[in-house]
Amino acid sequence: MDKKRKELPHSWYARDAVEIAQALLGKTLRYGDCEGIIVETEAYTTDAASHGKVLTPRSRIMHETYGHWYVYFTYGMHFCANVTTNKDGVGAVLIRAVEPTKGIERMEKRRRTTELRNLCSGPAKLCQAFDITLAENELPIGGAFTIYDAPELPADEIIASPRIGIRQDTELPWRFTIKGNKFTSR
DNA sequence: TACTGGATTCACT
DNA sequence: GTGAATCCAGTAA
């Protein structure tokens with residue numbers, strides 16, 4: 001275990017979701033014994049696709065916090081993990097895919113596959129692999145469920161693309177991936 | 001109270 | 001490429 005690595009401070013998440021979504025690429029996600037490098041993110045603010053568009057009990061955390069986990073249940077069977085952002089505003093970044101680095105055996109059991117590329121290459125897949133559930137919703141980022149700092153990636157290593165198939169009435173959220181990485185979704 | 005649709009995944013064709 | 005699985009949050013009435 002590298003004792004020099006540092007958790008991202010709470011204040012780090014106070015910025016805009018789009019900024020955070022890019023900056024999270026290459027950082028290390030840890031939950032319990034499992035770790036992985038974040039390779040794909042998606043920024044949500046007040047756009048049409050975002051839960052943050054309307055203030056509801058569920059989306060309250062997007063409005064009132066930054067540097068917290070926002071975990072929600074969707075499609076009747078899947079969980080998705082977000083970090084809340086924006087000190088003065090609404091924002092969250094969905095962690096869509098990670099490259100597994102530790103706890104791979106556990107992930108393989110939970111995902112029922114040994115195909116490394118298929119363990120965490122999607123928002124619901126990584127929640128299943130890491131065993132992230134609603135129990136983690138609204139927890140502050142840190143401790144056993146945290147993100148470790150890493151050098152910022154150069155801009156030419158990042159691919160930015162608008163989400164596909166979204167309603168076109170308001171600003172688009174943005175998806176960010178690491179160029180050439182094999183562990184992203186799709 | 002009832003209904004609708006969804007930030008997905010996977011099996012099947 | 002297509003559709004089923006599955007159930008909760010949000011909304012309408």
Side-chain angles (χ1 to χ4, degrees), chain A residues 13 16-25 29 31 34 36 38-86 89-100 106-139 141 145 147 158-178 181-186:
Chain A
Y13 300 95
D16 183 75
V18 173
E19 217 176 301
I20 301 280
Q22 293 176 80
L24 277 176
L25 294 176
L29 169 70
Y31 179 48
C34 297
I38 298 169
V39 299
E40 183 172 341
T41 58
E42 202 160 86
Y44 289 89
T45 53
T46 54
D47 53 81
S50 172
H51 294 173
K53 183 181 60 164
V54 183
L55 176 60
T56 65
R58 183 174 69 164
S59 68
R60 183 185 53 85
I61 188 163
M62 279 179 75
H63 292 252
E64 294 181 359
T65 73
Y66 60 96
H68 283 63
W69 292 105
Y70 169 39
V71 183
Y72 64 87
F73 186 70
T74 190
Y75 290 98
M77 54 179 74
H78 298 303
F79 295 104
C80 294
N82 302 244
V83 301
T84 61
T85 63
N86 293 60
V90 184
V93 175
L94 171 66
I95 300 177
R96 293 189 51 87
V98 306
E99 178 179 336
R106 281 170 188 264
M107 294 186 196
E108 288 175 342
K109 269 189 183 170
R110 293 181 187 130
R111 291 279 301 125
R112 294 178 188 171
T113 177
T114 55
E115 196 187 338
L116 199 60
R117 208 211 79 87
N118 199 24
L119 287 181
C120 303
S121 54
K125 291 179 185 178
L126 86 86
C127 282
Q128 189 181 11
F130 278 71
D131 195 27
I132 297 167
T133 67
L134 283 182
E136 282 71 45
N137 188 31
E138 301 197 13
L139 291 178
I141 297 170
F145 191 12
I147 297 173
I158 298 173
I159 301 172
S161 51
R163 279 194 68 246
I164 303 151
I166 201 63
R167 304 177 200 94
Q168 58 278 64
D169 53 341
T170 55
E171 62 184 290
L172 289 164
W174 285 85
R175 182 177 293 186
F176 299 96
T177 55
I178 297 178
N181 190 283
K182 293 185 175 67
F183 294 87
T184 56
S185 66
R186 267 193 277 228

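The analysis underlying the following values was restricted to heavy atoms, covering all of them including side chains, and did not include hydrogens, waters or symmetry mates. All values derive from a computational prediction rather than experimental measurement.
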Task: Gap between atoms CG and C1', on A:L94 and B:dG6 respectively (whole Å) - done: 13 Å
- [ ] Rounded off to whole Å, could you give me the CG-to-P distance for the A:N118 and B:dT9 pair?
- [x] 10 Å
Task: Side chains of A:I132 and A:L126 in contact at under 4.5 Å (non-hydrogen atoms) - done: yes
Task: Gap between atoms NE2 and C1', on A:H51 and C:dG10 respectively (whole Å) - done: 10 Å
Open item on the list: By nearest atom, which of the nucleotides B:dT8, C:dG10, B:dA7 is closest to the A:A124 side chain?
Closed with: B:dT8
Open item on the list: Using side-chain heavy atoms (C-beta onward) and a distance below 4.5 Å, is A:M107 in contact with A:Q128?
Closed with: no
Open item on the list: For A:E99, is there an ion pair with A:K182 - N to carboxylate O distance below 4.0 angstrom?
Closed with: no
TODO: Write down the distance between CE (A:M77) and P (B:dA11), rounded to a whole number of angstrom.
DONE: 12 Å
Open item on the list: Taking any heavy-atom pair under 4.0 Å as a contact, classify A:R111: base, sugar-phosphate, or nothing.
Closed with: sugar-phosphate
Open item on the list: Students often get this wrong, so: under 4.0 angstrom with heavy atoms, is A:Y75 touching a base, only sugar-phosphate, or nothing?
Closed with: base
Open item on the list: Quick check for you: among C:dT6, C:dA9, C:dT11, whose closest atom lies nearest to any side-chain atom of A:V54?
Closed with: C:dT11
Open item on the list: Does B:dC10 have its OP1 or OP2 closer than 4.0 Å to a side-chain nitrogen or oxygen of A:K125?
Closed with: yes
Task: Phosphate-side-chain proximity, A:R96 and B:dT8, N/O vs OP1/OP2 below 4.0 Å - done: yes
TODO: Find the partner of C:dA12: check Watson-Crick (N1-N3 plus N6-O4 or O6-N4) and G-U wobble (N1-O2, O6-N3) distances, both under 3.5 Å, and reply none if neither fits.
DONE: B:dT1
Open item on the list: Within the 3.5 Å criterion, strictly below it, is a donor on A:H51 or A:Y70 matched to an acceptor on the partner's side chain?
Closed with: yes
Task: Protein-nucleotide distance (A:I95, atom CD1; B:dT8, atom P), rounded to Å - done: 15 Å
- [ ] Round to the nearest Å and state the distance from A:M62 atom CE to C:dA9 atom P.
- [x] 16 Å
TODO: Using only side-chain N and O atoms of A:R58, determine if any of them is under 4.0 Å from OP1 or OP2 of C:dC8.
DONE: no
- [ ] Indicate whether the side chain of A:E40 and that of A:S185 have a donor and an acceptor atom separated by less than 3.5 Å.
- [x] yes
- [ ] Name the pairing partner of C:dT6, where a pair is Watson-Crick or G-U wobble with both distances under 3.5 Å, or state none.
- [x] none
Task: B:dA7 pyrimidine/purine six-ring stacking with A:Y72, under 5.5 Å and 30° - done: no
Task: Closest nucleotide among C:dC7, B:dT8, C:dT11 to the A:T74 side chain - done: B:dT8
Task: Rounded interatomic separation in angstrom, taking CG from A:D47 and C1' from B:dG6 - done: 15 Å
Open item on the list: Just the rounded figure in Å: distance from P of B:dC10 to CG of A:L119.
Closed with: 11 Å
